[in-house]
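Residues: numbered from 1 along the sequence shown. Remember, it's a predicted structure, so these values are computed and weren't measured experimentally. These values consider heavy atoms only, across backbone and side chains, with no hydrogens, waters or symmetry-generated copies.
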Amino acid sequence: AALPWAVSPPGRGPRPARCWPGRVWSWPGRVSRRRPLSSRTASRPPRRLLRGYDLLLASRYEEALPLLEAACGESPQDVTAWFLLGNCQVGLRQLPEAESTFTLCASLSPLSYVAVYHRGLCRLEMKRFAEAAADFDRVLSRRSELYGARVNRAIALAEQKQLLRAEQD
């Protein structure tokens, strides 16, 4: 089944919709006015998300958590909200929850490597080295120049006693 944010023309697979204020683009060149975006949603993020982000930056994770959870409930397709929630969970040392949150982020934004990188860090911290190394492999297949992914993959490989591969990183 296609995700709600994807639209499909007859006979074609899902394609992400491109959205601008007041318009929903269903297929290149055709504008649908049936589901317009409100100017509030299109112009700025919800207050809870902004307040949660501010608290997260101030390392006030206990206060940020309910706001970010509410923001995710209000906008379940918002990758940014889920990503901030995952970072808050890491700050609270709720690593299994953070791992599943970053997995959700990766599924919402499959072309992005950022959530996969952070999930790998969670798995590395939880001593699940094989899964962490797989995440860092995935990140490096997209962005081979990322030094942090290379170093963390080497750590995960060394912990698995794959010293030759770890040394290559």
Side-chain angles (χ1 to χ4, degrees), residues 1-8 13-19 45-169:
L3 294 173
W5 52 267
V7 293
S8 302
R15 182 179 178 126
R18 297 182 306 201
C19 299
R47 277 182 207 258
R48 290 180 191 192
L49 184 61
L50 293 175
R51 180 70 180 134
Y53 176 67
D54 289 340
L55 292 169
L56 185 64
L57 288 177
S59 301
R60 295 167 55 187
Y61 306 116
E62 296 85 9
E63 297 173 59
L65 185 66
L67 294 172
L68 294 172
E69 287 174 339
C72 290
E74 290 171 4
S75 303
Q77 297 293 319
D78 187 353
V79 178
T80 303
W82 288 106
F83 184 74
L84 293 176
L85 177 61
N87 279 289
C88 185
Q89 291 165 332
V90 168
L92 291 170
R93 306 298 298 159
Q94 298 173 353
L95 296 177
E97 292 86 353
E99 177 193 10
S100 61
T101 302
F102 289 132
T103 300
L104 178 62
C105 286
S107 68
L108 288 173
S109 183
L111 298 178
S112 175
Y113 66 90
V114 178
V116 178
Y117 178 78
H118 283 269
R119 182 178 66 188
L121 292 175
C122 285
R123 289 175 170 174
L124 192 62
E125 189 72 22
M126 291 188 296
K127 300 189 184 328
R128 292 174 39 200
F129 302 116
E131 292 170 311
D135 280 342
F136 296 126
D137 281 338
R138 186 172 163 196
V139 169
L140 289 167
S141 71
R142 295 178 190 167
R143 298 284 306 269
S144 60
E145 75 279 3
L146 287 179
Y147 180 73
R150 193 166 300 283
V151 168
N152 285 302
R153 181 176 68 178
I155 292 169
L157 292 171
E159 289 292 334
Q160 295 178 77
K161 308 295 185 227
Q162 297 181 24
L163 300 178
L164 184 60
R165 279 189 65 203
E167 189 176 296
Q168 291 171 350
D169 278 345

Please answer whether the main-chain N or O of [Y] pairs with a side-chain N or O of [X] as donor and acceptor at a distance below 3.5 Å.
| X | Y | value |
| --- | --- | --- |
| S107 | L104 | yes |
| R51 | L67 | no |
| T101 | E97 | yes |

Apply side-chain contact (heavy atoms from CB on, under 4.5 Å) to S100 and list each qualifying residue two or more places apart in sequence or on a separate chain.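 In terms of side-chain contact (heavy atoms from CB on, under 4.5 Å), with neighbours along the sequence ignored, S100 is linked to no residue.
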
side-chain contact (heavy atoms from CB on, under 4.5 Å) against L68, all qualifying residues, sequence neighbours excluded: L49, A64, L84, L85, C88

side-chain contact (heavy atoms from CB on, under 4.5 Å) for Q89 and L95? Distances and angles first, verdict last. CA-CA 7 Å; Q89 291 165 332; L95 296 177; over 6 Å; no

Hey, could you give me each pair passing ring pair (Phe, Tyr, Trp, His ring centres under 6.0 Å) that has a residue in residues 63-98? Not counting sequence neighbours.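 The answer is F83-F102, F83-H118.
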
Here the ring pair (Phe, Tyr, Trp, His ring centres under 6.0 Å) pairs for residues 132-155, sequence neighbours left out, are Y117-F136

Minimum heavy-atom separation for C105 to A115, with atom names?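 So the two residues come closest at CB-CB, 3.5 Å.
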
Considering all heavy atoms of both residues, which atom of A132 and which atom of G120 are nearest to each other, and what is their separation?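 Smallest interatomic distance, heavy atoms only, reads CB-O, 3.6 Å.
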
Counterpart residues, salt bridge (Lys or Arg N to Asp or Glu O under 4.0 Å), relative to R60 (two or more places apart): E63

With a 4.0 Å cut-off on N to O distance, would you call R48 and E74 a salt bridge?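 Salt bridge: yes.
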
Please indicate whether Y53 has more than 12 foreign heavy atoms, meaning atoms of other residues, nucleotides or ligands, lying under 6.0 Å from its OH. no

Reported [atom1]-to-[atom2] distance for the pair [X] and [Y], which is rounded to 0.5 angstrom:
| X | Y | atom1 | atom2 | value |
| --- | --- | --- | --- | --- |
| L111 | S109 | CG | OG | 6.5 Å |
| L55 | E62 | CG | CD | 10.5 Å |
| L124 | L121 | CG | CG | 7.0 Å |

Output, in order, the C-alpha distance, side-chain angles, deciding distance and verdict of side-chain contact (heavy atoms from CB on, under 4.5 Å) for D78 and C72. CA-CA 7 Å; D78 187 353; C72 290; over 6 Å; no

Hey, could you give me each pair passing salt bridge (charged side-chain N to carboxylate O under 4.0 Å, His left out) that has a residue in residues 82-96? Not counting sequence neighbours.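 Of all non-adjacent pairs touching residues 82-96, those that pass salt bridge (charged side-chain N to carboxylate O under 4.0 Å, His left out) are R93-E125.
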
Under the salt bridge (charged side-chain N to carboxylate O under 4.0 Å, His left out) definition, can you give me all pairs with a residue in residues 98-118, not counting sequence neighbours? E99-R123, E99-R128

By side chain to side chain donor-acceptor pair (under 3.5 Å) - contacts of [X] (at least two apart):
| X | result |
| --- | --- |
| T103 | R119 |
| E145 | R143 |
| D137 | R153 |

When you look at R150 and S144, which way does the side-chain contact (heavy atoms from CB on, under 4.5 Å) test go after all the steps? CA-CA 8 Å; R150 193 166 300 283; S144 60; 4.2 Å; yes

